[in-house]
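Starting from 1, each residue takes its place in the sequence as its number.
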Amino acid sequence: EKLNSPSGDGQVRLPKGLAVQLRPYQHRGLSWLYENTLRGLGSCLADDMGLGKTLQAIALLLKLKEEGRLADPALVVCPTTLIGNWEREITRFAPYLQPALYHGNNRTLTVKNIDVVITSYGLIRRDKAKFKRRKWGVIIIDEAQNIKNPEAAQTKAVKGLAAGVGIALTGTPVENRLTELWSIYDFINPGYLGNRKGFLGSFAIPIEKYRDRQKIDSLKKVTAPFMLRRLKSDRGVIEDLPDKIIQDEYCYLTKEQAALYQRVTEDLLKMVEEREGIERRGLIFKLITALKQICNHPAQYTQGGGAEKRHSGKAARAMELLQAFGAGKEKVLIFTQYKEMGHILARLIEEEFREEPLFFHGGLPRTQRDEMVAKFQGDGGPGVMIVSLKAGGTGLNLTAATRVIHYDLWWNPAVEDQATDRTYRIGQTRNVTVHRLISTGTFEEKINAMIEGKRELAELTVTAGEARISEMSNEELRELITLGL
């Protein structure tokens, strides 16, 4: 089908009803999405976090509607935390589009006079029969790494829907394994990369195991027509984004932490060495979780008694950093993987600074989360927001912050970067400094070195591949977790 008359530089005309000026690279992204969509081909828009993937997708839907090409409504599937964000951006940037939310206890799937239905991955899985009965003009999956596991029920539910065209949005097309990339392509253009078994043999194993340069080049070549990836580090993409400064903060264990760490290591390592298979892997997971909690704060592991900052090297360092940032009137995000650690930090901060920090976590209703974000972003709002990584690792726009503290390290640089990018994104006009807290002499310091190696692999192609800790030999495991103080 012939494209709408493009402007001289090969780009399509912007939709008339778009209430925002697209940046040049966003205009190119819209043109690319439009061209693929008109040909009935799926696309993966894999721009870096904060470059406006949502806006480019909304501009596409508006253009399709204005040209009478959206006969069946579009469906947007995203994490629950992003439902409100999608609705707000459609209303703000494309008021001509009619959105409907499918969310909450009294949800009904209404499509009459509706252009876009917005729902969550969880609800697609739960109510898949309702969604399968309908034909969707375009299905957009946001944070598409949610379908990275081909065997997961929610992946199967998403892929079971009838779509004219599938579009995947993700800042991290691959987090751990190349099969995740295959799974996304299996949604946007089913069959294009062959079946999963064939893909493993042809690409995943040669690249992940042997770094086969020829296979890397070949994979890039075949995936390129349907993947558009622009990075914030490319100054040609966006010139007004400030620098991101990463700073590792090494924290010593207190006596209480070191004694507890030593005891738990010896007890659980002995049990690990006596077990095999699934039981052994389960014990290793238990061991690593316990050690992470001890490095965070002994009170998180023991779950008893009042937590004090002097009992944890990390807690003490975090309070020092907050003191310094407060003096400079800077706003701060603190990420932790653990809700219970978030509560401990909230109590410690309140005791130390006589100010209650905000705590954004998965247990809050959507309206409360939205209010919290607005409060933090506003002038004179609270200076500190604690964010549970699972609830707030994606989709939030928190550009009021200029400091980010990763209280506990994540195994995965892609996930860590996603969290940092809540503040390091479009709209940020100042430098962002990221402080990563690492317990010296512990497995955290050793894993940090492993992470850096993995980051290099992830950047080699859109790939990943990690030596799973649960698959380590007893000797390797002992070497990893033994205290080196």
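Side-chain contact between I278 and R281: present, with at least one pair of heavy atoms (C-beta onward) separated by less than 4.5 Å. Here the side chains of D186 and L193 are not in contact, with every heavy-atom distance at 4.5 Å or above. E320 is not listed as a side-chain neighbour of E249, based on a closest heavy-atom distance of 4.5 Å or more. Side-chain contact between K375 and L358 is present, with at least one heavy-atom pair separated by less than 4.5 Å. The shortest side-chain heavy-atom distance between L345 and V384 does not fall under the 4.5 Å cut-off. For the pair Q293 and E340, the minimum side-chain heavy-atom distance is below 4.5 Å. Between H297 and K314 there is no side-chain heavy-atom pair separated by less than 4.5 Å. Considering only heavy atoms from C-beta on, I184 comes within 4.5 Å of T170 through its side chain.
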Notebook entry, point to check: Should K292 and E444 be marked as a salt bridge (charged side-chain N to carboxylate O under 4.0 Å, His left out) after you check the CA-CA gap, both sets of side-chain angles, and the distance that decides it?
Noted result: CA-CA 8 Å; K292 285 177 98 166; E444 286 191 336; over 6 Å; no

Next item on the list: Before giving the answer on salt bridge (charged side-chain N to carboxylate O under 4.0 Å, His left out), spell out for R177 and E180 the whole-Å C-alpha distance, their side-chain angles and the decisive distance to 0.1 Å.
Entry: CA-CA 6 Å; R177 305 236 180 256; E180 297 167 10; over 6 Å; no

Notebook entry, point to check: What's the verdict on side chain to side chain contact (heavy atoms under 4.5 Å, CB included) for K215 and I205, showing C-alpha distance, side-chain angles and the deciding distance?
Noted result: CA-CA 10 Å; K215 292 288 187 182; I205 293 168; over 6 Å; no

Margin query: Determine whether L291 and T442 satisfy the following criterion, side chain to side chain contact (heavy atoms under 4.5 Å, CB included), listing intermediate values before the conclusion.
Written below: CA-CA 9 Å; L291 296 184; T442 70; over 6 Å; no

Next item on the list: Take R478 and E273 through the test salt bridge (charged side-chain N to carboxylate O under 4.0 Å, His left out) and record every step on the way to the result.
Entry: CA-CA 10 Å; R478 185 175 284 279; E273 288 169 352; 3.0 Å; yes

Next item on the list: Given side-chain hydrogen bond (donor to acceptor under 3.5 Å, both in side chains), test D127 with Y102 step by step and report yes or no.
Entry: CA-CA 10 Å; D127 299 346; Y102 183 80; 2.5 Å; yes

Next item on the list: Please test L260 against T302 for side chain to side chain contact (heavy atoms under 4.5 Å, CB included), starting from the C-alpha separation and ending with a verdict.
Entry: CA-CA 10 Å; L260 195 54; T302 58; 4.2 Å; yes

Next item on the list: Could you give me the CA-CA distance, side-chain angles and deciding distance for H343 and K339, then say whether side chain to side chain contact (heavy atoms under 4.5 Å, CB included) is met?
Entry: CA-CA 6 Å; H343 286 301; K339 190 176 170 184; 3.9 Å; yes

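Although no hydrogens or angles enter the test, the distance criterion places no donor-acceptor pair under 3.5 Å between the side chain of R196 and the main chain of T179. Looking only at distances, a side-chain donor or acceptor of T423 sits under 3.5 Å from a matching main-chain atom of A401. A donor-acceptor pair under 3.5 Å links the side-chain atoms of S312 to the main chain of N296, judged by distance alone. Proximity of a side-chain donor or acceptor of K446 to a complementary backbone N or O of T482 within less than 3.5 Å is detected. Side-chain N or O atoms of R317 include none that pairs as donor or acceptor with a backbone N or O of G313 at under 3.5 Å. With hydrogens and angles ignored, the 3.5 Å screen pairs a side-chain donor or acceptor of Q257 with a backbone N or O of T254. Put simply, the side chain of K331 gets close to the backbone of F376: a donor and an acceptor are under 3.5 Å apart. With hydrogens and angles ignored, the 3.5 Å screen pairs a side-chain donor or acceptor of Q377 with a backbone N or O of T399. No donor-acceptor pair closer than 3.5 Å links the side chain of Q337 to the backbone N or O of Y407. In terms of modelled atom types and a separation under 3.5 Å, the side chain of K53 and the main chain of D47 share a donor-acceptor contact.
Atom-to-atom distance recorded for E279:CD and E274:CD is 10.5 Å, nearest 0.5 angstrom. Interatomic distance, L219 CG to L181 CG, rounded to the nearest 0.5 Å: 6.0 Å. Atom-to-atom distance recorded for T223:OG1 and N189:CG is 11.5 Å, nearest 0.5 angstrom. Note that the CD1 atom of I188 and the CD1 atom of I139 stand 13.0 Å from one another [nearest 0.5 Å]. Here the CZ-CZ distance, from R107 to R126, works out to 5.5 Å after rounding to the nearest 0.5 Å. Interatomic distance, CG of N397 versus CG of N85, reported as 7.5 Å (0.5 Å rounding).
Within a 6.0 Å radius of CD1 in I245, other residues, nucleotides and ligands contribute more than 12 heavy atoms. Around the NZ atom of K130, the shell of radius 6.0 Å holds more than 12 heavy atoms that belong to other residues, nucleotides or ligands. Counting non-hydrogen atoms of neighbouring residues, nucleotides and ligands closer than 6.0 angstrom, the CD atom of Q247 exceeds 12 such neighbours. Counting heavy atoms of neighbouring residues, nucleotides and ligands inside a 6.0 Å radius, atom CD of Q323 does not exceed 12 of them.
Heavy atoms only, all atoms of each residue included: Y25 and R230 are closest at O-NH1, 2.9 Å. For the pair F443 and C295, the tightest heavy-atom approach, listed with the atom from each and the gap, is CE2-SG, 4.1 Å. Of all the heavy atoms in A346 and I386, the pair that sits closest is N-CD1, 3.5 Å. In terms of heavy-atom proximity, V264 sits nearest to A290 at CG1-CB, 3.9 Å. Closest of all the heavy-atom pairs between Y192 and V222 is OH-O, 2.5 Å. Residue A307 comes nearest to I344 through the heavy atom pair CB-CG2, 3.7 Å, listed as atom of the first residue, atom of the second, then distance.
A tilted orientation is assigned to the rings of F325 and H435, their planes being inclined by 30° to 60°. Using cut-offs of 30° and 60° on the angle between ring planes, the pair F335 and H406 is parallel.
Side chain to side chain, T155 and N149 fail the donor-acceptor criterion of an N or O pair below 3.5 Å.
Across T119, I140, I83, I141, a single residue satisfies side chain to side chain contact (heavy atoms under 4.5 Å, CB included) together with C78, and that is I83.
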